[in-house]
Number of protein chains: 2
Amino acid sequence: MKKKLSIVDIANSLNISKTTVSFILNGRAQEKRISEELVKRVLEYVKEVGYKPNSLAKSLRTGKSHIIGLLVQDISNHFFATIARQIEDLAYKNGYKIIYSSTDNDTQKTQELITMFRERHVDGYIITPPDGIEDDISDLIRDGFPVVLFDRYLPSVPTDYVVVDNLFSTYNATQYLIDNGHKNIVFITYSSIQTQMIERLEGYEKAMHQSKLKTSVTEIDFYASADSIVKLILDFFEQNKDVDAILFGNNHLGKCGLKATRKAGKRVPEDIALIAFDDYELFELYTPAVTAIAQPISEIADNVINLLMERLNTTTEEQKKQHITLATELIVRDSSK
Amino acid sequence: MKKKLSIVDIANSLNISKTTVSFILNGRAQEKRISEELVKRVLEYVKEVGYKPNSLAKSLRTGKSHIIGLLVQDISNHFFATIARQIEDLAYKNGYKIIYSSTDNDTQKTQELITMFRERHVDGYIITPPDGIEDDISDLIRDGFPVVLFDRYLPSVPTDYVVVDNLFSTYNATQYLIDNGHKNIVFITYSSIQTQMIERLEGYEKAMHQSKLKTSVTEIDFYASADSIVKLILDFFEQNKDVDAILFGNNHLGKCGLKATRKAGKRVPEDIALIAFDDYELFELYTPAVTAIAQPISEIADNVINLLMERLNTTTEEQKKQHITLATELIVRDSSK
DNA sequence: GTGAAAGCGCTAACAA
DNA sequence: TTGTTAGCGCTTTCAC
C-alpha cells in the first residue's frame, strides 16, 4: 500500500512550511500575500504527486464534515428512494456527501442513528421523523444543527420542513369520487399520529361531511405484513358488501389493496372504484389504469436541499423557520371511473 | 450549544489519566488489569454525563472508520434499492455504517466517488462497477481495501463478487418460450459490455441456437430516456410484425416494453408473449400477470455483506478471491402463455 | 510573505 | 495497575 502523502511531505519536498501549503490549498494565498510563483509551484506539485488532503483530519480540526445525514423511513420504498436519489444528486452538486439510513419508523432506531450521525459530525440533517422523536430533534436544533424535515413534521417542534398538501389531496380525491356518484367511500389508512396521515384522514372526512355522507375508516397497524394487510382488506370486503369506492392512505396500502381487490374478484371500477396515494410507473399500465394522487418528488427534493443549503451557508442564528407545502396532483385514470 | 465532553474531561473529573479511561472504554480493562471497581466507576460516570467518544478523532488515530462505501448504479431502481436496504440493515448489525451513492454507470462519476470514499477513510467497498473502472478497482485492492462487487464483475480484475447465473436465467426463459411454441423470439437489451448483460445475451443465443432458431437482438443505448425506449420498441413492432415473443434484458427495459406493447395494442400473450427480468410486486396484478426472472435479492445482500465482513475481519493478506453465483427463479405467470 | 507551534480528541508504546 | 507522552494530518494564531 503506497504511503499516503501528508501536507508535511509536500512542504518538505518543496522546502517550505506546511502553513504556506495549507494557505495555498485553501485559497488564502492572496489574502496572505503569497507570491504567485510559489502558489503555482505548489499547486503543480500537488497535482503531480496526486496529494489529497486528509478530510478526516480537516474535519477534526474545523468541525465541519461536509456530510449530510439523511434519514428516510424506508429506502426500499419507491417514494423515498426516488427522493433520496435526487437529494443525493443535489447534495453532491453542492459539495456535500450523504450518509443515509432507514428509520423503519422506529423511534429507538432513529435515536441511535441520530447519535451516530452526531458522532460522525454530520453538518446537517434531513429527516422523515417517526413520532416520539421530538426531544431528539429539539436537541439537535438547540445545539445549532440545521435540520430539515420532510413528508411530515412535528407540531411541537419548530423546524424547517417540506410537506405536501395532504389534506387537500385526499379531500380532492374524495370529492372526485363523490362527484362520480360514489357514496360508500372507505378510507384505508394506517393507525398513525403522524401529521401526514392525520391530514389525509381529515381531508377525506371533510369531503364526506360536506356531502353529508357517512365516513368509514379502516386503520391498519403500521407493522402489519403485506400478507396480513391483504387479508384484512379481504375480510373487510366480506363484511361490507356495499362499499363502492376506496381511497388508500399511502402507497403500500394501495398496492395491498390492489392485490386484495383482485383476489376478491371485484371488477374495477364497476364494482368498486380505487384511488391510490403516490403514483407508480406501472399504474398507468395496470388494467384498469390506476388513479393516483401523485406527489411532486423533484420539487420536494429541491426544496429540501435548498432549505438545508441556506441554513448551512448562513451563520446568522435564529431565523424564522420555513414551512413549505407543495401541491399534489390527482392523476385520473380508469380505476376511479 | 453545550460543550462536547472529551476523554480528558472524563479523566480530570475522575482524577485518573485518559489512558485508563481509553482502555476501559475500549474493553481492554481486563487485559490491562484495571480494577473492577475503577472500571465500574468510569462506566457509570460516562453514562451519567452522556459522554460519547469523538469517532472522527478515533478514526484519525486508528485509520478505521467503520464505514462502508456502497456504490450502486441507481438507488431509485427497485432492484438496487431493495438490495441497498438489506445491505444497510446487515451492515448496521455488524457495527458498520453505510455511505452510499449512485454511479449512473458513469465511469468518471464513479472515479470521483471512489476518491471521496478514500478521503473519508471508508473501511470497505461494495460496488456495482461501470465499465472502464478497472484500474481504480485494482488500485483499491492493491492498497489493501476489501472490495466486493455485485450484479456484475470485471473479468480483468480479480475481486470477490456476488452475481446471479445470468446465462442460465435467459437460457431457461428462452427455452421456456420455445417450448411453448414461440419461434420469433426477440431479446431486447442494452448495448453494454458489462458481464451481466453479455451473459444474458449469451443465454438467449444459446437457447435459440440449440433449437436452430434465428436470433433477433435489439440493443438500446443505456442513456436513452424511457420515452425514447418506448418509441424504439414501437418502431420495432412496426417493422417486425411477425415477432411472437420478447425477452427483456433488465427491469427498466421490461417496464418500457410493457408500455410499448400496450400502446401498440397487442394482446398478451395471444399476439406476443413477454418475459421480464427482475420481478415486481405489481407484475402479479398486471393483466395479464407478467412472467419474470426473479433475482434472489436477500441472498445477494447476505452474501455481499458476509464476504465483506470476512475480509474486514481477517488480517491475513492474499486469500483467494471468492466468486459467488446465485440462482434466479423463472416465475411463470400469464404473459408468457 | 513565511514559518513555528499549539491543539482538535483519540490511541498506544513506554515508563513508573 | 496507572500515567506520560508522542503522534494521526490538518488549520490558524502569532511572531519574524
Side-chain angles (χ1 to χ4, degrees), chain A residues 1-43 45-46 49-67 118-123, chain B residues 1-43 45-46 49-67 118-123:
Chain A
M1 176 157 175
K2 85 180 155 202
K3 176 76 173 52
K4 192 87 169 28
L5 291 166
S6 86
I7 197 168
V8 179
D9 298 322
I10 305 294
N12 287 342
S13 304
L14 260 32
N15 279 319
I16 53 175
S17 113
K18 59 175 180 168
T19 310
T20 311
V21 179
S22 172
F23 282 147
I24 294 177
L25 259 28
N26 290 300
R28 301 179 57 187
Q30 193 107 41
E31 167 191 344
K32 294 289 170 186
R33 302 140 131 305
I34 295 171
S35 69
E36 286 205 9
E37 184 218 10
L38 217 204
V39 170
K40 201 173 146 204
R41 202 149 61 87
V42 170
L43 256 26
Y45 183 70
V46 159
V49 298
Y51 162 71
K52 301 272 178 215
N54 180 324
S55 42
L56 230 49
K58 195 167 180 165
S59 292
L60 180 60
R61 185 61 230 241
T62 61
K64 297 264 144 275
S65 63
H66 275 249
I67 291 189
R118 285 188 80 138
E119 281 177 27
R120 276 279 138 199
H121 289 204
V122 308
D123 292 344
Chain B
M1 177 156 174
K2 85 180 154 202
K3 177 75 174 53
K4 194 89 174 13
L5 291 166
S6 88
I7 196 169
V8 179
D9 299 322
I10 305 294
N12 287 343
S13 305
L14 260 33
N15 279 319
I16 55 175
S17 116
K18 59 176 181 167
T19 309
T20 311
V21 178
S22 173
F23 281 145
I24 293 178
L25 258 30
N26 289 302
R28 300 179 58 188
Q30 194 106 42
E31 168 191 343
K32 294 288 170 186
R33 303 138 130 310
I34 295 170
S35 69
E36 287 205 8
E37 183 219 12
L38 217 204
V39 171
K40 202 173 144 203
R41 204 149 61 87
V42 170
L43 256 27
Y45 183 71
V46 160
V49 298
Y51 163 71
K52 300 274 177 215
N54 180 325
S55 41
L56 230 48
K58 195 169 180 164
S59 292
L60 181 60
R61 183 62 229 240
T62 59
K64 298 264 144 274
S65 64
H66 275 248
I67 291 189
R118 285 188 80 136
E119 281 178 28
R120 276 279 137 199
H121 289 207
V122 308
D123 292 343

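Letters A, B, ... are given to chains in the order of the sequence lines, protein chains preceding strands, and every chain is numbered from 1.
- Contact check for A/Leu38 versus A/Leu14: no side-chain heavy atoms found under the 4.5 Å cut-off.
- Put simply, A/Asn26 has a side-chain N or O that comes within less than 4.0 Å of OP1 or OP2 on D/dT11.
- Considering only heavy atoms from C-beta on, A/Lys32 stays 4.5 Å or farther from A/Thr19 through its side chain.
- For CD of B/Glu31, the number of neighbouring non-hydrogen atoms (other residues, nucleotides, ligands) closer than 6.0 Å is greater than 12.
- Closest approach to the A/Ala57 side chain among D/dC10, C/dG9, C/dG1 is made by D/dC10 (side chain taken as heavy atoms from C-beta onward).
- For B/Ser35, the listed nucleotide lying nearest its side chain is D/dT2; candidates were D/dT2, C/dA12, D/dG9.
- Contacts of residues 58-66 of chain A with DNA chain C (heavy atom under 4.0 Å): A/Leu60, A/Arg61.
- For A/Leu25 and D/dG9, the CG to C1' distance is 13 Å, given to the nearest whole Å.
- In this structure, B/Asp123 and B/Gly63 approach most closely via the heavy-atom pair OD1-O, 4.2 Å.
- The nearest pair of heavy atoms linking A/Ser65 to A/Ser59 is CA-OG, 3.5 Å.
- Under the 3.5 Å distance criterion, the side-chain polar atoms of B/Asp9 are matched with a main-chain donor or acceptor of B/Ser6.
- Under 4.0 angstrom from either OP1 or OP2 of D/dC10 there lies at least one side-chain N or O belonging to A/Tyr51.
- Two residues are said to be in side-chain contact when any heavy atoms from C-beta on lie closer than 4.5 Å; A/Leu25 and A/Tyr51 meet this criterion.
- Following rounding to the nearest Å, B/Ile7 (CD1) and C/dA12 (C1') show an atom-to-atom distance of 12 Å.
- Contact check of residues 12-23 of chain A against DNA chain D (heavy atom, cut-off under 4.0 Å) returns A/Lys18, A/Thr19, A/Ser22, A/Phe23.
- Going from atom CG of B/Asp9 over to atom C1' of C/dG9 covers 10 Å, rounded to whole Å.
- Side-chain contact check for A/Val49 versus A/Ile10: some heavy-atom pair is nearer than 4.5 Å.
- Taking atom CZ of residue A/Arg41 and atom C1' of nucleotide C/dT2, one finds them 13 Å apart after rounding to whole Å.
- Here C/dC8 presents its C1' atom at 13 Å from CG of A/Asn54, a figure rounded to the nearest Å.
- In this structure, the CG atom of B/Leu5 is 14 Å from the P atom of C/dC8, given to the nearest Å.
- Note: CG (B/Leu56) to P (D/dG9) measures 14 Å, nearest angstrom.
- Between the CD1 atom of B/Ile34 and the P atom of C/dA12 there is a distance of 13 Å, rounded to whole Å.
- The closest donor-acceptor contact from the side chain of A/Ser22 to the backbone of A/Lys18 lies at 3.5 Å or more, if one exists at all.
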